[in-house]
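Each remark here refers to the structure printed beneath this line.
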2 protein chains.
Amino acid sequence: MARDTKAKIIAAAANVAVARGVQNLTMEAVAEEAGISKGGVFYHFGSKQELLLGMVQALVDITEKEVSAAQAQDHEAGSWLRGFIRACLTNSAEDLGPVGRLSVAFLTAAANDTTLLAPMNERQPAWREAINTSGIDPVQAQIVRLAADGLWINDVMGVPVLDAAERAAVIERLEAMTRKDTEPE
Amino acid sequence: MARDTKAKIIAAAANVAVARGVQNLTMEAVAEEAGISKGGVFYHFGSKQELLLGMVQALVDITEKEVSAAQAQDHEAGSWLRGFIRACLTNSAEDLGPVGRLSVAFLTAAANDTTLLAPMNERQPAWREAINTSGIDPVQAQIVRLAADGLWINDVMGVPVLDAAERAAVIERLEAMTRKDTEPE
DNA sequence: AAAACTATACTGACCGGTCAGTACAGTCAA
DNA sequence: TTGACTGTACTGACCGGTCAGTATAGTTTT
């Protein structure tokens, strides 16, 4: 059941981060949320850093899984980007999906120690490759990805960059940009 | 000299955050860096929260100042966005400008307590307005802003989303998008 | 002399991490 | 088939360090 418990702890940590705020993401709080003892948490994750690392890894895994799932039924050019947009932005501000919940962990990791982002950094070459070969103009493709990142991080932080109507229009346009090549000249 | 010392403390805090990492952004370290005592720091900022709030405010102020400066010698459509792109992305990864240094504080604030982002959130309606009335298609304008945000946050976190050549091409394209309306249809 | 500011020494809470011990399921020799 | 032994998963009490914040006395500025 080791795998099970580890996953349970990661989910609990994500819940704590969202519900009580990152400043209350203590090992004790995680243990309580997971319904086990603090010692039990340390049995599975040797340190808080290790737990954070596990959460970042989980975020990466879930994101890639969602992209793959979306690509499975969309074989046209730009499908990777459309999957990525979905994965990042499907969560409404209130009702966070798993990606949204783990995103808070991502923030914590980045704030505490950027080396904790290693699992994310490792995947960047592969993501760049996917974007550059997605079948549309690479520069435009990167911009779509960056805009999705920007919207995502602002969501996670709660910065109100767009109202609902603008948000819908932006997402629609981003998806259009994965289909139609609007490169100047 | 109250204003002076406060500014000095904020700058010191930003330096500490960059140099020693956010986990070492303690009031004592800030005091040492600023060359005053811990008591002195608390005299000026009643709590750590207040200091963090001051740093976020400073980031907002500097960003808006840089945008205004850029706009002063660029009165064509899209000048706000071009100024914003410059303000966010002028800092190379190694040699951070003032925006880059304070950005780390922004991350910390977001991670510790999203209410600390209030000074940033307050300005969003004004920024949205500036973007929507910048003279180019509003949806495209928002996308340019979000992409700049995305590139900026990835820089701050140290996630290698783009290599140097891609980065240059993306920035060039973003600036082009502030000039030429590439809206489909 | 009052107000503004600074330095030093201290407190108290919190939190990451440790550790001795428990529960229990399985294995295996006699 | 039972008793000795082992490994895995976990418990809960505890410790030590860190750090925000305070108390208070001293110093400089106006």
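Within the 4.5 Å cutoff, no side-chain heavy atoms of A:Cys88 are placed close to those of A:Leu151.
To the nearest angstrom, P of D:dT22 lies 16 Å from CZ of B:Phe45. The CD1-P distance, from A:Ile9 to D:dA9, rounds to 11 Å in whole Å. Atom CG in B:Leu52 sits about 10 Å away from atom P in D:dA20, given to the nearest Å. A straight line from CG of B:Asp113 to C1' of D:dA20 spans 15 Å, rounded to a whole angstrom. The CG-C1' distance, from A:Asp4 to D:dA9, rounds to 13 Å in whole Å.
Partner B:Ser134 forms a side-chain contact (heavy atoms from CB on, under 4.5 Å) with one of B:Ile136, B:Asp137, B:Asn132 and no other, that one being B:Ile136. Checked options A:Thr108, A:Val60, A:Leu102; the residue passing with A:Met55 is A:Leu102 (criterion: side-chain contact (heavy atoms from CB on, under 4.5 Å)).
A:Phe106 and A:Trp152 have their aromatic ring centers within a separation under 6.0 angstrom.
Hydrophobic cluster membership differs between B:Ile36 and B:Tyr43, with clusters built from Ile, Leu, Val, Met, Phe, Trp and Tyr side chains linked at under 4.5 angstrom.
Distances shorter than 4.0 Å separate none of the side-chain N or O atoms of A:His44 from OP1 or OP2 on D:dT8. An OP1 or OP2 oxygen of C:dC5 is reached within less than 4.0 angstrom by a side-chain nitrogen or oxygen of B:Tyr43.
B:Glu66 and B:Arg86 are not joined by a salt bridge, as no carboxylate oxygen comes within less than 4.0 angstrom of a charged side-chain nitrogen.
Of the two residues contacting DNA chain C, namely A:Gly46 and A:Gln23, the nearest-nucleotide position lying further toward the 5' end is that of A:Gln23.
For residues 26-42 of chain A, proximity to DNA chain D is found at A:Ile36, A:Ser37, A:Gly39, A:Gly40, defined as any non-hydrogen atom under 4.0 angstrom from a strand atom.
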